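Read through the structure below, which is laid out as structure tokens, and then see the notes.
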Number of protein chains: 2
Amino acid sequence: MTVSNVVNKRFGSMGKDVRAEVERAISELGYRPNASGRSLRLAKRFSIGMVVVDESPTFLADAFITRVVAGLSNYLSQRDYGLVVQGMSARTLPQSALVRRHETDALCVLMSGPASRRRRLLERLAKPGHPVVVLQDVGSDSDGVISIRQDDFGGARELAQHMLSRGGRDFVFMAPDVEWPAIEQRIAGVTSALQGDARSTFAVVNCADGGFSDSQAAIARYVAQSGWPNAIMGGNDQMGISALKWVIDQGLRVPEDILVSGFNAFDTWQYTQPMLTTVISPAYEMGASAGAAILDMLEGNLPSERHRLFPVKLQPGGST
Amino acid sequence: MTVSNVVNKRFGSMGKDVRAEVERAISELGYRPNASGRSLRLAKRFSIGMVVVDESPTFLADAFITRVVAGLSNYLSQRDYGLVVQGMSARTLPQSALVRRHETDALCVLMSGPASRRRRLLERLAKPGHPVVVLQDVGSDSDGVISIRQDDFGGARELAQHMLSRGGRDFVFMAPDVEWPAIEQRIAGVTSALQGDARSTFAVVNCADGGFSDSQAAIARYVAQSGWPNAIMGGNDQMGISALKWVIDQGLRVPEDILVSGFNAFDTWQYTQPMLTTVISPAYEMGASAGAAILDMLEGNLPSERHRLFPVKLQPGGST
DNA sequence: CTGAAAGCGCTTACAG
DNA sequence: CTGAAAGCGCTTACAG
């Protein structure tokens with residue numbers, strides 16, 4: 001009825017006095033429209049789910065994820081959509097209310113784990129008419145599934161080239177034991193750069209959860225077994241900083257004796273002494289872009305790009 | 001009808017064969033219940049809003065907030081509730097769809113800004129039958145509003161006492177220009193400790209956004225004007241680390257020449273050289289506790305505590 | 001320009 | 001034990 005038109009600001013076809021009367025009643029009674037009724041009628045929930053498939057309960061602690069969520073959430077609120085955030089292990093994902101019930105209009109997912117499992121989870125999440133944006137992974141070719149990644153391969157290759165030019169020869173890459181596709185891409189990028197230099201060597205060390213103690217222990221173990229590398233690349237800034245500190249504690253000079261780098265910088269790279277050479281991530285913009293792509297698909301448009309790749313930026317510091 | 005009972009797992013009053021038949025049809029058709037219909041009928045949205053009132057678009061970048069949200073989100077998903085996350089400036093809050101429409105069953109809020117504005121926003125958010133949990137602030141006395149804080153006052157007092165015992169005399173506290181009630185509590189705690197030592201001095205320096213450059217610039221300005229303090233307390237770890245690095249860059253020794261501390265540690269305190277003395281925050285547990293309190297109130301129970309205070313833990317490092 | 005009616009999908013009280 | 005009916009609050013097509 002007319003009231004509905006006032007609430008939704010379609011004043012085209014009513015008298016001024018009618019509009020004023022309805023508005024008075026609304027504010028007087030403190031009326032607020034019920035979102036469930038609206039959702040049921042329009043068959044839209046006006047909310048998007050952000051799912052982080054990670055075994056760790058502090059799935060939001062990572063700086064990259066944090067920026068993605070902020071960018072996505074801000075974009076969506078501006079368009080009057082809500083963002084439902086949920087971290088979960090691969091095991092519990094299918095039972096989650098978010099996917100079991102029909103609680104969101106679309107999903108944005110960030111998945112860890114083996115590629116085969118990621119593919120399987122994705123198939124389960126993609127429903128007809130329910131778009132899915134995969135972040136930091138290649139996604140799939142199904143309709144309604146698009147992917148948004150940053151150029152981890154290119155960034156890592158450029159970083160490795162930079163370190164080669166600074167005298168890097170024997171490289172170690174620090175990776176967490178959880179399989180994140182972005183980390184795999186970084187390793188591939190480094191490998192690609194090092195292939196250009198026949199004298200170089202390359203090893204990947206497993207840093208367990210990637211936290212401070214695990215990372216330092218992993219590097220220490222590697223050095224004890226295989227001797228000193230002269231270039232250590234952290235899979236992310238956290239691991240890079242852990243290594244940087246440990247190396248200095250051992251009495252080595254950075255960058256004279258050994259080069260150290262991170263990846264996915266936000267601002268912690270400035271906090272070390274020397275400042276960490278790293279790669280800057282456009283995570284916030286990726287989140288916002290995911291939001292725009294999702295709403296676009298919900299409006300029935302075909303996505304302009306099925307796979308979007310964001311450039312990253314090398315940030316040289318004093319550690320290389 | 002019976003189908004509804006099967007979906008909701010109430011098998012009490014039906015034949016085995018009927019149940020099997022319905023379950024077969026459900027899986028065959030790929031039926032998933034529509035959450036809007038359910039929400040409308042039950043007058044519950046099964047979702048809670050987390051609102052961060054902050055002018056910065058990267059409202060989630062802070063480590064404390066990140067842990068709170070993770071704890072809350074995990075607790076709620078386990079109880080089949082969703083968490084809608086939204087950061088916004090005080091100005092845009094009233095127009096937000098989250099509050100304008102009736103989109104959540106309850107709200108959890110974390111507010112910055114002057115106390116009077118925080119009180120005003122809270123009044124606007126608290127609706128009858130719509131519980132609000134205020135984090136890191138005292139909240140209000142209205143029914144349906146409870147508060148959950150950590151003991152910033154006590155933690156800061158203990159930290160200041162520790163630094164006094166290590167020779168601290170001329171104290172500087174680094175605060176961001178945004179008014180967060182937790183920071184005010186920390187300043188009050190330090191003030192309380194220093195009152196026990198008549199020779200001590202205390203100044204608060206404004207570090208603008210609390211980032212690396214602003215923090216270092218603020219300390220440099222202070223030192224140029226007022227000379228060297230011998231104890232610098234960061235309002236949080238980020239500011240503490242910025243100061244630590246700047247002080248060392250100036251050629252001073254920590255802790256011999258000057259003591260430095262942080263606050264609200266998660267793991268970055270380990271990343272500095274020397275390790276930062278700081279105070280450990282139970283942010284994750286606070287988030288989970290907020291979730292439990294909210295669902296309890298939604299079930300119609302009166303909150304067992306209107307104002308809950310979590311203890312914090314002094315973490316002495318090499319910087320004091 | 002305005003108002004009465006239908007129907008979205010669910011759950012629950014009720015009749016058989 | 002099972003099924004038909006009512007109604008949650010909204011929007012939209014339709015009749016006046």
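To find a chain, count down the sequence lines: A is the first, B the second, and so on, and within it residues start at 1. Since the model is a prediction, treat every value here as computed from it, not as a measurement.
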Roughly how many Å is it from CZ in A/R38 to C1' in C/dC10, rounded to a whole number?
20 Å

Sugar-phosphate, base or nothing in reach of B/L42, heavy atoms under 4.0 Å
sugar-phosphate

May I have the distance from A/K44 (atom NZ) to D/dG9 (atom P), rounded to whole angstrom?
23 Å

What's the CZ-C1' distance between B/R100 and D/dC10, to the nearest Å?
16 Å

In the strands shown, is D/dA13 matched to any nucleotide by a Watson-Crick or G-U wobble pair with both distances under 3.5 Å, and which?
none

In whole angstroms, how far is the C1' atom of D/dC8 from the CG atom of A/L40?
9 Å

Considering only D/dT11, C/dG9, C/dC10, which nucleotide approaches the side chain of B/Y31 most closely?
C/dC10

Answer with yes or no whether the side chains of A/N301 and A/D296 bring together a donor and an acceptor at under 3.5 Å.
yes

Atom pair distance, as rounded to whole Å: CG in A/N34 and P in D/dG7
18 Å

Less than 4.0 angstrom from a charged side-chain N to a carboxylate O is my criterion; do A/D62 and A/R67 meet it?
no

Just how far is it from atom CG of B/L121 to atom OG of B/S116, taken to the nearest 0.5 Å?
9.5 Å

What are the two closest non-hydrogen atoms of A/V145 and A/A126, and how far apart are they?
CG2-CB, 3.8 Å

B/R41 CZ - C/dC8 P separation (whole Å)
17 Å

Look at the side chain of B/P33 and decide which nucleotide, out of C/dC10, D/dT11, C/dG9, has an atom nearest to it.
C/dC10

In Watson-Crick or G-U wobble terms, both distances under 3.5 Å, what is the partner of D/dA4?
none

